[in-house]
Amino acid sequence: MEIGLTAFLILSAILFSLGIYGALSKKSAIQVLMSLELMAIAVNINLLTFSRFVTPVTMDGQFFAIFAMVISAAEIGLGLALIVAIYQKSHKSEVDDFTELKG
Amino acid sequence: MAESVNIVAFFILAVFIVIGAIGMLCTKNIIHSGFWLLEVSVVAAAIYYLLGADYIALVQLLVYAGAVSVIIIFSIMITLRRREDATRSRDFSPLALVVAIMFCALTIAVICILPTGNILMPDSAPDFMTFSLKLFSPDGWALPFELASVVLTVALVGAVWWSRKENK
C-alpha cells in the first residue's frame with residue numbers, strides 16, 4: 001500500500017471533525033478556541049497536501065498555508081484577549097454566561 | 001518515478017496527532033487540555049515536514065508550539081479562580097458528536113470517490129531556497145506578505161487594547 005493524497009486528506013478530515021465536535025460541545029470559551037486551533041491545523045495539512053501532491057513546483061498551497069496561519073494566529077490572540085477582558089469584568093469564562101449582547 | 005512517503009513515519013504521526021486531539025477533548029483537567037494542544041502542534045509540525053514544507057514546519061514549531069500554546073495555558077491559568085476549577089465536566093454532547101461524525105463520514109466518502117484517485121508523491125521536492133525567493137520577490141508574494149504583517153500588528157494592538165485594565 002502506498003501513502004498518497006487520500007491518506008493525508010482522510011487524516012485532516014478526522015482532525016477537522018474532532019475540532020467541530022470540540023467547538024460545538026465545549027462550555028469553556030478557551031476550549032472552544034483550542035478546538036478552532038485544531039481545525040486550523042487540519043486546514044493547513046490539507047493545503048500543504050495539495051501543494052505537495054498537485055503543484056509541487058509552484059508551491060501555491062504553502063503560501064496559502066502561511067496566510068492561513070497568520071489569520072489564525074491573529075484570531076487566537078484577539079479571542080484570548082476578549083475572554084480575558086470579559087473575565088476581568090464579570091469573572092466568568094463559560095460560553096453560556098456570555099449573554100450580555102443578547103438584546 | 002514517484003517518491004514515496006515513509007509509511008511508518010506517517011502512521012506514527014497520524015496516530016499521535018489523533019490521540020493528542022482526542023486527549024485534548026476528553027481530559028477533565030483544562031490545563032492538561034492545554035498541554036495536549038502543545039503535543040498536537042508539535043506533531044503537526046512533523047507532518048508538515050513530511051509534506052516537504054520545511055519553512056512552515058519551523059513556523060509551526062516557533063509560533064504555535066512555542067507562543068500560542070503558552071499564551072493559551074497562561075489564559076487558562078488567569079481565568080481560573082481556584083485550583084479546583086481546573087477540573088470540570090467533559091461537556092459530552094450527543095448532538096455535536098452526531099454532527100461531527102456525519103461531517104467526517106461525508107468528507108471521507110467524497111475523498112474516496114475523487115475522480116483523480118490516489119495521487120502518489122511527485123518527485124520534484126520543493127526547495128527551501130526557491131520558496132523564500134518567491135515569498136519575498138516583488139512580483140511574487142511580497143505584497144500579501146506585508147499586508148499579513150499589517151494584519152498581525154492591528155491584531156496585536158487590538159488584543160492589548162482589549163485586555164488592559166479599565167482605569168476608573
> Return the minimal non-hydrogen interatomic distance between A/Leu38 and B/Ala21, and the atom names on each side.
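Taking A/Leu38 first and B/Ala21 second, the nearest heavy atoms are CD2-CB, 3.8 Å.
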> For a 4.5 angstrom cut-off between non-hydrogen side-chain atoms, does A/Val84 reach B/Trp162?
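Answer no - side chains too far apart.
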> Before giving the answer on side chain to side chain contact (heavy atoms under 4.5 Å, CB included), spell out for B/Tyr48 and A/Gln62 the whole-Å C-alpha distance, their side-chain angles and the decisive distance to 0.1 Å.
CA-CA 10 Å; B/Tyr48 297 169; A/Gln62 293 201 22; over 6 Å; no
> So A/Ser17 and B/Ile101, side chain to side chain contact (heavy atoms under 4.5 Å, CB included) or not? Walk me through it.
CA-CA 7 Å; A/Ser17 315; B/Ile101 287 177; over 6 Å; no
> What pair of heavy atoms forms the shortest contact from A/Glu37 to B/Val68, and how long is it?
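Heavy-atom minimum between the residues: OE2-CG1, 4.1 Å.
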> Going by heavy atoms in the side chains, are B/Ile47 and A/Ile41 under 4.5 Å from each other?
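Side-chain contact under 4.5 Å: no.
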> Roughly how far apart are B/Cys112 SG and A/Ile10 CD1, rounded to 0.5 Å?
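Rounded to the nearest 0.5 Å, the SG-CD1 separation comes out at 4.5 Å.
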> For residues B/Ile71 and B/Val42: do they belong to one hydrophobic cluster (side chain heavy atoms under 4.5 Å, members Ile, Leu, Val, Met, Phe, Trp, Tyr)?
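No, B/Ile71 and B/Val42 fall in different hydrophobic clusters.
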> Side chain, backbone, both or neither: which part of B/Phe10 has an atom under 4.5 Å from a heavy atom of chain A?
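The side chain, not the backbone.
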> Which bit of A/Ile30 comes within less than 4.5 Å of chain B, counting heavy atoms only: side chain, backbone, both or neither?
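Only the side chain of A/Ile30 comes within 4.5 Å of chain B.
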> Does the pair B/Leu51 and A/Phe53 meet the rule for a side chain to side chain contact (heavy atoms under 4.5 Å, CB included), with working shown?
CA-CA 9 Å; B/Leu51 284 167; A/Phe53 285 89; 4.0 Å; yes
> At a heavy-atom separation under 4.5 Å, does A/Leu9 approach chain B through its side chain, its backbone, both, or neither?
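Backbone plus side chain of A/Leu9, per the 4.5 Å heavy-atom cut-off to chain B.
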> Say whether B/Val18 and B/Ile7 are linked into one hydrophobic cluster, either directly or through other cluster members, by side-chain heavy-atom distances under 4.5 angstrom.
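Shared cluster, yes.
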> With rounding to the nearest 0.5 angstrom, report the CE to OG1 distance, A/Met59 to B/Thr130.
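Answer for the CE-OG1 pair, A/Met59 versus B/Thr130, is 3.5 Å.
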> Of the listed residues (A/Leu33, A/Thr6, A/Val54, A/Leu24), which shares the most heavy-atom pairs with chain B below a 4.5 Å separation?
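Counting heavy-atom pairs under 4.5 Å, the top option is A/Thr6.
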> Hey, is CZ on B/Phe103 packed in by over 12 heavy atoms from elsewhere, all under 6.0 Å?
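Correct, the count exceeds 12.
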> Is it true that atom CZ of B/Phe35 has more than 12 heavy atoms of other residues, nucleotides or ligands lying nearer than 6.0 Å?
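Not more than 12 within 6.0 Å, no.
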> Among B/Val40, B/Val151, B/Ile17, B/Val99, which residue has the highest count of heavy-atom pairs closer than 4.5 Å to chain A?
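Answer, by heavy-atom pair count under 4.5 Å with chain A: B/Ile17.
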> List the atom pairs, donor and acceptor, that lie under 3.5 Å between side-chain atoms in residues 71-80 of chain A and the rest of the protein, sequence neighbours left out.
residue : atom : partner : partner atom : Å
A/Ser72 : OG   : A/Met69 : O            : 3.3
A/Ser72 : OG   : B/Tyr64 : OH           : 2.6

> At a heavy-atom distance under 4.5 Å, which candidate from B/Pro144, B/Ala44, B/Gly158 has the highest pair count against chain A?
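Ranked by contacts with chain A, first place is B/Pro144.
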> May I ask you to list the residues in residues 88-95 of chain B that approach chain A closer than 4.5 angstrom, counting heavy atoms only, ordered by number?
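Checking residues 88-95 of chain B against chain A gives B/Arg88, B/Arg90, B/Asp91, B/Phe92, B/Ser93.
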> If I measure from the heavy atoms of chain A, does B/Thr107 come under 4.5 Å with its side chain, its backbone, both, or neither?
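Just the side chain, heavy atoms under 4.5 Å.
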> Please check if A/Ile14 and B/Phe11 belong to a single hydrophobic cluster, counting links between Ile, Leu, Val, Met, Phe, Trp and Tyr side chain heavy atoms closer than 4.5 Å.
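Looking at the clustering, B/Phe11 is in the same group as A/Ile14.
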> Who wins among A/Ala29, A/Ala42, A/Ser25 for the most heavy-atom pairs under 4.5 Å with chain B?
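Counting heavy-atom pairs under 4.5 Å, the top option is A/Ser25.
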> Heavy-atom cut-off 4.5 Å, strictly under: side chain, backbone, both or neither for A/Tyr21 against chain B?
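Both parts, backbone and side chain.
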> Taking all non-hydrogen atoms of both residues into account, name the closest pair between A/Leu11 and B/Ala14 and its distance.
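Shortest heavy-atom separation between A/Leu11 and B/Ala14 comes out as CD1-CB, 3.8 Å.
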> What are the two closest heavy atoms between A/Gln31 and B/Ser33, and how far apart are they?
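A/Gln31 and B/Ser33 have their closest heavy atoms at NE2-OG, 3.2 Å.
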> May I have the list of side-chain donor-acceptor pairs in residues 23-31 of chain B shorter than 3.5 Å, sequence neighbours left out?
residue : atom : partner : partner atom : Å
B/Thr27 : OG1  : B/Asn29 : N            : 3.4
B/Asn29 : OD1  : B/Ile31 : N            : 3.0

> In terms of the angle between their ring planes, are B/Trp141 and A/Phe64 parallel, tilted or perpendicular, with boundaries placed at 30° and 60°?
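The rings of B/Trp141 and A/Phe64 stand perpendicular, inter-plane angle above 60°.
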> Heavy atoms under 4.5 Å from chain A: which residues of residues 55-63 of chain B carry them?
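So far as heavy atoms go, B/Tyr55, B/Ile56, B/Val59, B/Gln60 are the residues that approach chain A to under 4.5 Å.
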> Among the clusters formed by ILVMFWY side chains lying less than 4.5 Å apart, do B/Leu152 and A/Leu36 turn up in the same one?
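Different hydrophobic clusters.
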> What about B/Leu38 and B/Met77, same hydrophobic cluster or not, with Ile/Leu/Val/Met/Phe/Trp/Tyr joined at side-chain heavy-atom distances under 4.5 Å?
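As far as the 4.5 Å side-chain criterion goes, B/Met77 and B/Leu38 are connected within one cluster.
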> Heavy atoms only: give me the nearest B/Phe131-A/Ile66 pair and the separation to one decimal.
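Looking at all heavy atoms of both residues, the shortest contact is CZ-CD1, 3.6 Å.
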> With a 4.5 angstrom heavy-atom cut-off, which part of B/Ile76 approaches chain A: side chain, backbone, both or neither?
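Both parts, heavy atoms under 4.5 Å.
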